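Worth saying up front: this structure is predicted, and the values here are computed from it rather than measured. Sequence lines set the chain letters: A, B, ... in the order given, protein chains first and strands last, and positions in each chain run from 1.
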Amino acid sequence: MLHERRYSCTPGQIKSSGKYPCDISSLGCEEKSKLLATIEQAAAFITTMIFQDGSSQLNSEQASTSSVKGVVVLVKNQTDQPCPPGHTSTGSTWNAANENDKLIYLKTEQSSLWEREQEQAHKKFSWQVLFQMLQCKVPIICFNAKDFLRTLLQIYGNEIGWKQVANSVVLDPRIAAWLINPSDTVPSFECLIQKYFEKPFSKGAENIDTGTLRNVSYQNLGVNLEKLYNVMMDLTHGLKAQGLWNLFCTLELPLIKILAVMETHKIYVNKQELKKTSEILGLRLKELEQQAHEAAGERFLLTSSCQLREVLFDKLKLHTLCEKLHRTEIQQLVSTSEVVLNKLQDLHPLPKIILEYRQVHKMKSTYVDGLRTCMKNGFISSTWNQTGTVTGRLSAKHPNIQGISKHPVTIAKKQYIKGKEEDIITISPRTLFVSKKGCTFLAADFSHIELRILADLSSEPELLKLFQEPEITDIFTTLASQWKGIPIEQVKHADREQAKRIVYSVVYGAGKERLADCLGITPVQASQFIESFMQKYKKVHEFTKKTIKQCRNKGYVVSIMGRKRPLANINAQDYKLRTQAERQAVNFVVQGSAADLCKMAMVKIFASVVISPTLTARLIAQIHDELLFEVEDSQIQEFSALVKRIMESLQQTTALEVPLKVPLKVILTTGKSWGCMTELQEM
DNA sequence: AGCTTAAGAATATGG
DNA sequence: TCCATATTCTTA
């Protein structure tokens with residue numbers, strides 16, 4: 001409350017820059033139209049959200065839990081050269097570097113009842129200002145711009161359509177910093193400033209009052225926004241110098257808007273089914289716990305790998321009956337992981353019970369109960385992180401929709417539900433996600449994307465041939481049939497998955513022990529396989545050697561769209577560190593390039609939908625190589641054709657040698673859930 | 001004694 | 001001594 005007055009400024013004061021932001025609600029009619037005119041001519045906007053607790057996007061470590069109170073905007077009227085560090089913004093108060101720059105405050109919080117009319121007017125004007133900012137194509141610079149855009153969409157959801165944010169140009173220095181080095185995370189604005197702006201400079205007085213005292217931070221907003229602007233300018237130069245500018249502008253910046261829009265979309269979850277499955281899984285867990293205790297001859301905590309280790313190896317001594325069991329990474333204890341338990345399952349009944357217990361427990365705690373904690377009013381909406389990976393991929397949390405189990409868990413025990421007796425119950429968490437009424441989910445995925453990219457980058461003729469033959473519909477199925485010597489029709493899903501794991505393991509440098517563990521074969525057989533693979537696909541091996549060599553020379557590797565990953569250990573003395581960096585280098589080029597393609601697809605599809613007057617399809621999730629949309633039933637044909645065309649045309653866009661294939665899948669049943677997708681026939 | 005925190009292990013996803 | 005994520009749980 002104390003601060004409210006500080007925002008005010010007397011009419012006419014708008015021009016002279018003050019210490020505090022000018023609250024636009026204090027402006028008269030004339031000043032308001034003046035302000036709108038100024039905004040129309042602005043060269044840049046630097047913005048931050050202000051939260052109820054007084055913090056802003058510039059001094060909160062993580063996304064603030066408190067709700068948004070308003071937005072402060074620094075309106076730049078001329079794009080001046082970035083000031084050298086230490087020159088500006090050393091004072092504790094803000095003095096405009098340029099006299100024409102303005103610092104304004106837009107209140108967005110909900111109006112109190114008694115001053116509703118006035119508040120409505122203010123809200124409307126705030127909206128007018130923000131709308132103009134979004135429409136005029138002048139860059140809006142914001143730390144965590146996605147959160148800013150999402151919040152605007154949420155607050156002005158009635159006045160603005162999601163397509164309208166598509167025209168805006170937002171810049172986020174955090175993403176710029178991440179492109180320059182994806183390995184070092186920038187957790188906060190202060191951190192960004194320290195890394196890219198105040199580098200060796202000024203460790204003095206002013207740092208004290210930026211984060212520690214929240215009340216003081218108000219008077220520093222102008223200073224900090226100025227800093228934000230300067231850091232963005234520095235980073236702009238950095239991006240251009242490193243050849244990352246195009247990637248930044250054409251891929252990562254448009255993605256900000258796409259993710260903001262995605263986060264405003266809610267996915268309906270079947271609450272009743274969720275509760276029911278939680279109970280079924282809970283019952284099964286109790287049974288398995290009982291069985292495990294009997295098999296072990298003592299009570300212990302099944303979820304504790306430590307206690308399980310004691311039972312299996314100290315008490316039962318099962319490790320003495322089996323050689324070369326995998327050990328834990330840090331403590332070098334005998335592992336209780338799936339591969340080890342698989343090896344032990346003929347020696348004792350306990351390992352099998354544990355394996356099933358863990359499967360069911362994962363299902364219950366993460367995908368069923370975990371999902372419930374993410375729900376708000378029967379809906380979920382993931383939070384997307386654009387800077388959370390080193391390879392350029394996206395990540396998602398709350399829930400991690402990218403990691404939700406694909407394969408069902410079957411419970412082979414009698415259960416009595418609603419008086420009905422069933423012997424086998426299958427639980428697949430994806431079916432808990434349901435599309436809106438009148439809509440269906442459409443999934444479009446790049447098939448074998450990384451292998452196709454590898455084929456292209458290595459120009460391996462054998463691999464290219466496989467992709468250019470139209471009769472081959474699925475590479476891994478083909479490879480599995482070749483490897484096992486069985487006809488394609490008899491290849492099962494598990495066989496295909498195995499073939500896939502073999503190929504990627506070998507390509508990315510798996511050792512014989514690891515591969516043997518993975519496949520349940522002996523290390524000798526595994527090394528024979530690696531050998532024959534290298535023999536058949538010689539150019540793949542050449543590609544990895546070439547990539548490592550380049551990395552040694554330059555200190556970094558580059559994806560097809562110029563994404564970089566510096567690898568400090570590529571020339572390390574330590575064998576372990578060096579070879580790890582080598583594998584990371586090879587993996588990055590392929591995985592990073594696949595990420596580029598998938599992001600490009602998102603950007604192009606979004607742009608097409610935005611310019612279409614009729615299409616309303618919404619992106620629900622990106623699962624790395626797969627885009628999941630919610631589409632109005634009447635638009636499925638039109639939209640799916642569009643998606644397929646755009647995604648497959650990326651071959652030309654990116655000048656790939658190898659063709660891209662994008663099978664489309666839609667829900668078969670009108671029941672409309674995720675999972676149980678079936679391939680959409682060509683038209 | 002009960003509390004929070006961080007690391008480690010295991011397992012799900014994707015290639 | 002394949003890569004890179006998130007989540008959950010236990011343990012210190």
Phosphate OP1/OP2 of C/dT10: any A/T303 side-chain N/O under 4.0 Å: yes
Nearest-angstrom distance from the residue atom CD1 of A/I560 to P of B/dG15: 16 Å
Per A/Q307 side chain, nearest of listed nucleotides C/dT11, C/dT5, B/dG14: C/dT11
Nucleotide nearest A/S505 when distance is taken to its side chain, options C/dT7, C/dA4, C/dC2: C/dC2
Among B/dG15, B/dT13, C/dT8, the nucleotide that comes nearest once only the side chain of A/Y508 is considered: B/dG15
Distance-only donor-acceptor test, A/R393 side-chain atoms vs B/dG14 base atoms, 3.5 Å: yes
A/S395 side chain, from C-beta outward: closest of C/dT5, C/dT7, B/dG15: C/dT5
Distance in angstrom units between A/L302 CG and C/dT10 C1', rounded: 13 Å
Closest approach of A/D625 to A/C598 (non-hydrogen atoms, all atoms of both residues): CA-SG, 3.7 Å
Protein-nucleotide distance (A/H541, atom NE2; C/dC2, atom C1'), rounded to Å: 15 Å
Residues from residues 325-363 of chain A lying under 4.0 Å of DNA chain C - heavy atoms: A/E329, A/H361, A/K362
Salt bridge flag under 4.0 Å for residues A/E679 and A/K665: no
Exceeds 12 heavy-atom contacts within 6.0 angstrom, atom NZ of A/K315: yes
Pair A/Y508 + A/F588: ring centers closer than 6.0 Å: no
Separation of A/E310 CD from A/L316 CG (nearest 0.5 Å): 12.0 Å
Ring geometry between A/F467 and A/H448 (parallel below 30°, tilted from 30 to 60°, perpendicular above 60°): tilted
Residue pair A/Q402 / A/Q622, side-chain donor-acceptor N/O under 3.5 Å: yes
Nearest-Å distance for atom pair CG/P, residues A/L457 and B/dG15: 18 Å
N or O in side chain of A/R501 less than 4.0 angstrom from B/dG14 OP1/OP2: no
A/E469, CD: over 12 other non-hydrogen atoms inside 6.0 angstrom: yes
Full working for ring-ring contact (aromatic ring centres under 6.0 Å, His included) between A/F433 and A/F379: CA-CA 9 Å; A/F433 296 89; A/F379 295 92; over 10 Å; no
Rounded distance (Å) that lies between atom P of C/dC3 and atom NZ of A/K500: 18 Å
Touch class at under 4.0 angstrom, heavy-atom based, for A/R430 against every strand present: sugar-phosphate
Touch class at under 4.0 angstrom, heavy-atom based, for A/V590 against every strand present: nothing
Between A/E263 and A/S381: side-chain donor-acceptor atoms closer than 3.5 Å: no
Presence of A/R309 side-chain N/O under 4.0 Å of B/dA10 phosphate oxygens OP1/OP2: yes
Any A/S304 side-chain nitrogen or oxygen under 4.0 Å from OP1 or OP2 of C/dT11: yes
Out of B/dG14, C/dT5, C/dC2, whichever nucleotide has its closest atom nearest the side chain of A/H624: B/dG14
B/dT13 OP1/OP2 closer than 4.0 Å to side-chain N/O of A/S405: yes
Integer-rounded Å distance: B/dG15 C1' and A/Q402 CD: 12 Å
Residues from residues 591-606 of chain A lying under 4.0 Å of DNA chain C - heavy atoms: A/Q591
Sugar-phosphate, base or nothing in reach of A/F588, heavy atoms under 4.0 Å: nothing
Sugar-phosphate, base or nothing in reach of A/L301, heavy atoms under 4.0 Å: sugar-phosphate
side-chain hydrogen bond (donor to acceptor under 3.5 Å, both in side chains) partner of A/Q386, the single match among A/E252, A/R174, A/K599: A/E252
Value in whole Å for how far the P atom of C/dT11 lies from CG of A/L308: 11 Å
Touch class at under 4.0 angstrom, heavy-atom based, for A/I453 against every strand present: nothing
Protein-nucleotide distance (A/Q622, atom CD; B/dG15, atom P), rounded to Å: 11 Å
